[in-house]
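Below is one structure, written out as structure tokens; comments come after it.
Naming convention: chains lettered A, B, ... in sequence-line order (proteins, then strands); numbering from 1 in each chain.
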2 protein chains.
Amino acid sequence: MVTLEDVAASAGVSRATVSRVVNGDTKVKAQTRINVEAAIAELGYSPNPAARALASSQSHTLGLVTTSYRGGFFGALMDTVQSEAELQGQQLLVTQGRDTAEKERSAIQRLFNLRCDGLVLHVRAITDETLLQLAELDRKFIVLDREVQGLEDRCVVFDHRLASALATQVFIDAGHTSIVCLHGPSSRSSSLLRRQGFLDAMSNAGLVPAAVLGGEYDMPAGYQLASQLLENIRPTAIYCCNEELAIGAMLAVTERGLRIPQDISLICYDSGERAAFVRPAITSVHFPITEMARFAIRKLLDNHCKNESFLPEIIHRDSVRRIC
Amino acid sequence: MVTLEDVAASAGVSRATVSRVVNGDTKVKAQTRINVEAAIAELGYSPNPAARALASSQSHTLGLVTTSYRGGFFGALMDTVQSEAELQGQQLLVTQGRDTAEKERSAIQRLFNLRCDGLVLHVRAITDETLLQLAELDRKFIVLDREVQGLEDRCVVFDHRLASALATQVFIDAGHTSIVCLHGPSSRSSSLLRRQGFLDAMSNAGLVPAAVLGGEYDMPAGYQLASQLLENIRPTAIYCCNEELAIGAMLAVTERGLRIPQDISLICYDSGERAAFVRPAITSVHFPITEMARFAIRKLLDNHCKNESFLPEIIHRDSVRRIC
DNA sequence: CTGTTAGCGCTTTCAA
DNA sequence: TTGAAAGCGCTAACAG
């Protein structure tokens, strides 16, 4: 491997000067810079990150802790976070928490031991208290999609309850009265909030839910819940708290020879992964996780970053029928 | 941050000794080891990876280049590769190639510039030639699911053609004669091989395909191809070259009021992500990508690793009906 | 079994 | 605007 020293020798300058041009320091004579750059190109020099990290005590490495790697949601998250990190000249280390507090804690610990400059945390199991402790240790991190009391300035949040209510309102405005809600695990607060938003909108409209069923946030759950539901009742609208649930429900609905939206209307919570790509395309409330992730990275690297707020947005597609 | 030196001072030994116990060197007196370990625990010492990398010229970092982050396949790949890497005490840097040769090349370059000790490449667009050149540069890498002429010892491969033929044979053995094949993009060789395997089995059995349709490897494509198909013909069996395609096809089939497997049987190529989890569970040929990925990491770290071969396996589930 | 001693390749004062 | 020099925290011979 060619080193700074090699470049310095080849360009006839000191190592310090090469370091300056590599790091874009302005105090270098134009001609010197040109010479050095030529030497770099000729030798194919690329700085050794370890040496750089050791000397500067900055690893230029960010960490991301997620709940799991499975599901479309993760791909989108990972994609955005990494693109943004690279844009800012940082590398990214990713680790999954696998839904237990202990694993999340150790993942975070490991990433800090690896000397990450900062972490984006998309975690569920770990307690607020642990997060608070971490903050006191002066660790740099941002919490994605979770509100931690006392750490508001480090949280990038979204109003799931409002978003959910808005989505439900679409059904109500279209004249539906027999509406069911399929939601995720009660162990997740964002899941509870979505369910609550649904209930808000219903009671506001003076409506009683046809049913409210919960399970995992995956396709089989959607399929099963919807199947079980349709054995007993025949609602005109189903609201699904994520995309996987919605696709599972679609399968169950169509399997029974019912059509969407002619017989049953559908709306889901989405992160832009698949709702738009199935047929019929599903009308949804957009959960701007990618925008939020991008903002999280910016915030991590720039302390003066002003807080941004993310508003729910309804995306009208083809899965809602208007009832006269 | 506490350093080796701090630990050495606290334990009353030299830095070399601490380094020895940290690295599991055997030549340390039991009592000394205990003292040092106590000091490490007390001080909460964790080695600085940059210093370690600089001194040893080993980064303990592996790289993974994938085509994309989207789709269930990637999550599974990433999950296995990372778990295995961690098991071996390595971290993992992941980058996506995004399906262009140029991006794949630069991703690989970047990872090597970052001083990764080795790379797992799951790439499509880059040419064999480029890979060959890389090998001559003495870069350490393993190519996943692709056969490169002259680089056989660095490739972890799977016989897609055979696997696909085996899957098709299941239909044939069950008495089906009107079989269609839904395959992926013709730009991918593994996609072509799967298609070819289907044709092999059909012609072996003296059967003519009811249809052979190709498109993207995703759910919308599966939905569209199957819909279009069912407008015109009514086969008794559909073979899908991946899981997404199969789920899209299921949607189209059930939407028409047809049942699986009563009216139409289904088999798909799978990587263990979803075929087992939809209803009915889809009979499939298992593509052991996780096993292959795990092996790739081992091979990367152990040159004497003997080659392993991965055999296709049929997993019988509930989507195939026997025709008398 | 343990300590001493050079570096690894870079950044960063401090002078010049 | 440039160079000299002192580390950053660790590993790896080499002695002892």
Tell me if the centroids of the rings in A/F310 and A/F158 come within less than 6.0 Å of each other. no
Can you name the one residue among B/V148, B/D145, B/V65 that meets side chain to side chain contact (heavy atoms under 4.5 Å, CB included) with B/L121? B/V65
Quick one: OH on A/Y217 to OG on A/S190, what's the gap to the nearest 0.5 Å? 4.5 Å
Pair A/F74 and A/H122, ring centroids less than 6.0 Å apart: no
Under 4.0 Å between a Lys/Arg side-chain N and an Asp/Glu carboxylate O for A/E102 and A/R105? yes
In terms of the nearest nucleotide of DNA chain D, which residue is placed more toward the 5' end: B/T3 or A/R33? A/R33
B/R115 CZ - C/dC8 P separation (whole Å): 14 Å
Interatomic distance, A/N48 CG vs C/dG7 C1' [rounded to whole Å]: 14 Å
Would you say that B/M1 contacts A/R115 through its side chain, given a criterion of any heavy-atom pair below 4.5 Å between the two side chains? yes
Quick one: A/L54 CG to C/dG7 C1', roughly how many Å, whole number? 12 Å
Any side-chain donor-acceptor pair under 3.5 Å between B/T67 and B/D99? no
Chain A reaches DNA chain D, atoms under 4.0 Å from its heavy atoms, from D/dT1 to D/dG9
Would you compute the distance between atom CD1 of A/I297 and atom CD of A/E86 and round it to the nearest 0.5 angstrom? 10.5 Å
Base, sugar-phosphate, or nothing for A/T17, non-hydrogen atoms under 4.0 angstrom? sugar-phosphate
How about A/T127 and A/T130: does a side-chain donor come under 3.5 Å of a side-chain acceptor? yes
Are A/D128 and A/Q149 close enough that a side-chain donor and a side-chain acceptor fall under 3.5 Å? no
Bend angle of the helix from C/dC1-D/dG16 to C/dA16-D/dT1 from five-pair axes at both ends, rounded to 10°? 30°
Need one value for B/K27: base, sugar-phosphate or nothing, where a base atom within 4.0 Å counts as base even if backbone is also close, heavy atoms only. base
Derivation and outcome, salt bridge (Lys or Arg N to Asp or Glu O under 4.0 Å), residues A/D25 and A/R33: CA-CA 10 Å; A/D25 193 315; A/R33 176 182 303 277; over 6 Å; no
Between the protein and nucleotides 11-14 of chain C, list the N/O to N/O atom pairs that are separated by less than 3.5 angstrom.
{"residue": "C/dT11", "atom": "OP1", "partner": "A/N23", "partner atom": "OD1", "Å": "3.4"}
{"residue": "C/dT11", "atom": "OP1", "partner": "A/N23", "partner atom": "ND2", "Å": "3.0"}
{"residue": "C/dT11", "atom": "OP2", "partner": "A/S19", "partner atom": "OG", "Å": "2.6"}
{"residue": "C/dT11", "atom": "OP2", "partner": "A/N23", "partner atom": "ND2", "Å": "3.4"}

